[in-house]
Asker: 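Next up is a structure, given as structure tokens.
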Amino acid sequence: MAANAAPQTAVMQSSTNYSFPQHRLRRTQNDPIKTPLVLVACGSFSPITYLHLRMFEMAADFAKFNTNFEILGGFLSPVGDAYKKAGLATAQHRLRMCELATDLTSTWLSVDPWEAMQSEYIPTAQVLDHFQYEINEVLGGVKNPDGTNKPIKVMLLAGADLIQTMSTPDVWSDEDLDHILGGFGTFIVERTGTDIDDAVSNLQKYKDNIYVIQQLIHNDVSSTKIRLFLRREMSIQYLIPAPVIEYINLHGLYGDDGASSMNSMRGKEVTSGSASLAVGASGSKS
Ligand SMILES: Nc1ncnc2c1ncn2[C@@H]1O[C@H](COP(=O)(O)OP(=O)(O)OP(=O)(O)O)[C@@H](O)[C@H]1O
Ligand SMILES: NC(=O)c1ccc[n+]([C@@H]2O[C@H](COP(=O)(O)O)[C@@H](O)[C@H]2O)c1
């Protein structure tokens, strides 16, 4: 196998045999009075970091102590290759890394390959529609104690930088924003470098559907910084899960010639001068 070739992930062997990963989705509630909820994080995950995983735990704590939601599952949906963002390893690699990161560390997080398997770019609104369909139309939501079914609410889990882009012209269509924030709703994790009040100031009409989560222990790790460390042959130990580090090393990802991100990062390094770790300060993309 070529150094950079990814083994087929369990769920990506054929686009025709896709099945929704439902094994970790709870189908009954502990407290049927609460609103059942599934969180979906969309992103590049190139590579997945501990913060991506922590976002779900922060959201779970927030939901438990501040809302009437009961979280029944969490899904990572890596973007497909058509997104063509700098620094994007192939979808197969990113999916596999997400699987490695969640399989052994979590009992309630899953990775859905559907978005990553598509040859065209799928806007986030359609990704959420896909989850809505699989969870509520196909599986039928949760079972109530009396045997009837109840739909599970699907919401987007995102960092503040992503929500800030929702006020940037031409990044999101008005229809999609309405669909995502008006229809589904979102949990937003604050992020160093992004003013959360500013990020949501233009989204006030959706405020009842937007839940802002403070990071009580600030973690500013980003995939961009991990890629930078790798290129500099610096340690990424304890920043991302160990099996993901092993996988990156095994497949030679994000090295000098391996990652498409690195050309675009060079410019950033020069301008950031000796403050090298400022490269990729939260929200900055490469
Ligand atoms: N340190 C962080 N704090 C808060 N949210 C984060 C953090 N890192 C990632 N996220 C969120 O995780 C989701 C997935 O993001 P993505 O895969 O683009 O990660 P990233 O680390 O920002 O990537 P990159 O550095 O390649 O741009 C997004 O909603 C993003 O806002
Ligand atoms: N219009 C849209 O649906 C839209 C716009 C920008 C980003 N996104 C999504 O946000 C996620 C993160 O994007 P970035 O890695 O570019 O921050 C990706 O999953 C991407 O698909 C969606």
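For ligands, and for the atoms within them, numbers begin at 1 and follow the listed sequence. For the single chain, residues carry numbers from 1 onward in sequence order. Since the model is a prediction, treat every value here as computed from it, not as a measurement.
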Asker: Has T165 got any heavy atom lying under 4.0 angstrom from an atom of ligand 2?
Answerer: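 Heavy atoms of T165 never come under 4.0 Å of ligand 2.
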
Asker: With a cut-off of 4.0 Å, which atoms of ligand 1 are near a heavy atom of F45?
Answerer: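 What qualifies from ligand 1 is 14 (C), 17 (O).
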
Asker: For K225, state whether at least one heavy atom is located under 4.0 Å from any atom of ligand 1.
Answerer: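 The answer is no: ligand 1 sits nowhere under 4.0 Å from a heavy atom of K225.
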
Asker: Counting only heavy atoms closer than 4.0 Å, does ligand 1 sit against the backbone of C42, its side chain, both, or neither?
Answerer: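 Contact part for C42 vs ligand 1: backbone (N, CA, C, O).
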
Asker: Parallel, tilted or perpendicular for F20 and F131, by the 30°/60° rule?
Answerer: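 Ring orientation, 0 to 90° scale: perpendicular.
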
Asker: Output the list of atoms in ligand 1 that are nearer than 4.0 Å to some heavy atom of D161, sorted by atom number.
Answerer: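 What qualifies from ligand 1 is 30 (C), 31 (O).
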
Asker: Are the charged groups of E57 and R54 less than 4.0 angstrom apart, N to O?
Answerer: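 No, no charged N to carboxylate O under 4.0 Å.
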
Asker: Against heavy atoms of T124, which atoms of ligand 2 measure under 4.0 Å?
Answerer: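 With T124 as reference, the close atoms of ligand 2 come out as 3 (O), 8 (N), 9 (C), 21 (O), 22 (C).
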
Asker: Would you mind reporting whether I196 and R191 have side-chain heavy atoms less than 4.5 Å apart?
Answerer: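 No, their side chains stay 4.5 Å or more apart.
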
Asker: Check ligand 1 against Q215 and write out every atom of the ligand that is under 4.0 Å from a heavy-atom position of the residue.
Answerer: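 That gives atoms 3 (N), 4 (C) of ligand 1.
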
Asker: Distance alone, cut at 3.5 Å: any donor-acceptor contact between the side chains of D178 and Y206?
Answerer: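 Yes - a donor-acceptor pair under 3.5 Å links their side chains.
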
Asker: Which of the atoms of ligand 2 are close to S44, meaning less than 4.0 Å from one of its heavy atoms?
Answerer: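 Atoms satisfying the 4.0 Å criterion: 15 (O).
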
Asker: Do the two ring centres, one from F69 and one from Y211, sit under 6.0 Å apart?
Answerer: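 Centroid distance F69-Y211: below 6.0 Å, so yes.
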
Asker: Would you kindly specify which portion of E190 sits under 4.0 Å from ligand 1, judged on non-hydrogen atoms: side chain, backbone, both or neither?
Answerer: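 The part of E190 near ligand 1 is the backbone, not the side chain.
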
Asker: Decide whether W114 and S77 meet the rule of one side-chain donor and one side-chain acceptor closer than 3.5 Å.
Answerer: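 The criterion, which ignores hydrogens and geometry beyond distance, is not satisfied for S77 and W114.
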
Asker: Below 4.0 angstrom from a heavy atom of V79, which ligand 2 atoms are there? Numbered from 1 as shown, please.
Answerer: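 The list of qualifying atoms is 21 (O).
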
Asker: List every atom of ligand 1 that sits less than 4.0 Å from any heavy atom of N219, numbering the atoms from 1 in the order shown and giving each element.
Answerer: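 Per the distance check, 1 (N).
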
Asker: N/O of V189 under 3.5 Å from N/O of ligand 1, yes or no?
Answerer: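 No.
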
Asker: Going by the order shown, which atoms of ligand 2 are within less than 4.0 Å of some heavy atom of V171?
Answerer: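 Near V171, meaning under 4.0 Å from one of its heavy atoms, ligand 2 has 1 (N), 5 (C), 6 (C).
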
Asker: Which of the numbered atoms in ligand 2 are below 4.0 angstrom from a heavy atom of Y121?
Answerer: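 Here the atoms of ligand 2 in question are 2 (C), 3 (O), 4 (C), 8 (N), 9 (C), 20 (C), 21 (O), 22 (C).
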
Asker: Can you name the atoms of ligand 2, numbered from 1 with element, that are less than 4.0 Å from a heavy atom of P123?
Answerer: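 So the atoms of ligand 2 that pass are 3 (O).
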
Asker: Between A125 and ligand 2, does any nitrogen or oxygen pair lie at a separation below 3.5 Å?
Answerer: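 By distance alone, the answer is no.
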
Asker: With only distance considered, is D161 within less than 3.5 Å of ligand 2 through an N or O on each side?
Answerer: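 No, no N or O pair falls under 3.5 Å.
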
Asker: Pairing donors with acceptors under 3.5 angstrom, does anything connect the side chains of Y254 and S46?
Answerer: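 Yes - a donor-acceptor pair under 3.5 Å links their side chains.
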
Asker: Taking only heavy atoms of A158 into account, list the atoms of ligand 1 that are under 4.0 Å away from them.
Answerer: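 Listed by number with element, the hits are 29 (O).
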
Asker: With side chains defined as the heavy atoms from C-beta onward, is the minimum distance between F75 and L39 less than 4.5 Å?
Answerer: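 Answer no - side chains too far apart.
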
Asker: Suppose I only count heavy atoms of L51 and a 4.0 Å limit; which atoms of ligand 1 are within that range?
Answerer: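 Going through ligand 1 atom by atom, the ones under 4.0 Å from L51 are 1 (N), 2 (C), 3 (N), 4 (C), 5 (N), 6 (C), 7 (C), 8 (N).
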
Asker: Against heavy atoms of T224, which atoms of ligand 1 measure under 4.0 Å?
Answerer: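 Atoms satisfying the 4.0 Å criterion: 24 (P), 25 (O), 26 (O), 27 (O).
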
Asker: Side chains of Q29 and K143 only: does a donor on one sit below 3.5 Å from an acceptor on the other?
Answerer: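 Absent: no donor and acceptor within the cut-off.
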
Asker: Within a radius of less than 6.0 Å around CD of E120, do more than 12 heavy atoms belonging to other residues, nucleotides or ligands occur?
Answerer: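 Check fails, neighbour count at 12 or below.
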
Asker: Quick check: does Y83 get an N/O under 3.5 Å from an N/O on ligand 2?
Answerer: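 Such a contact does occur with ligand 2.
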
Asker: As a test of understanding, state which of I135, I71, N136 forms a side-chain contact (heavy atoms from CB on, under 4.5 Å) with V38.
Answerer: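 The side-chain contact (heavy atoms from CB on, under 4.5 Å) with V38 is passed solely by I135 among I135, I71, N136.
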
Asker: If you measure from each heavy atom of P78 to ligand 1, is any distance below 4.0 Å?
Answerer: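 No.
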
Asker: Using a strict cut-off of 4.0 Å, indicate which atoms of ligand 1 neighbour a heavy atom of K85.
Answerer: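 Contacts of ligand 1 toward K85, numbered from 1: 18 (O), 24 (P), 26 (O), 27 (O).
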
Asker: Would you please say whether a donor-acceptor pair under 3.5 Å links the side chains of Y121 and D81?
Answerer: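 No pair is found: no donor N or O on one side chain lies under 3.5 Å from an acceptor on the other.
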
Asker: Between R26 and E70, is there a side-chain N and carboxylate O pair less than 4.0 Å apart?
Answerer: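 Yes.
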
Asker: What is the minimum heavy-atom distance between P32 and N30, and which atoms define it?
Answerer: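 Minimum heavy-atom contact is CD-O, 3.7 Å.
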
Asker: Can you tell me which portion of T192 lies within the under-4.0 Å heavy-atom range of ligand 1? Options are side chain, backbone, both, or neither.
Answerer: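 It is neither; nothing of T192 touches ligand 1.
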
Asker: Which part of T49 is near ligand 1, with near meaning a heavy atom under 4.0 Å away: side chain, backbone, both or neither?
Answerer: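 Neither; no heavy atom under 4.0 Å.
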
Asker: Are L76 and I48 packed together at the side-chain level, in the sense that at least one heavy-atom pair is separated by less than 4.5 angstrom?
Answerer: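 In contact.
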
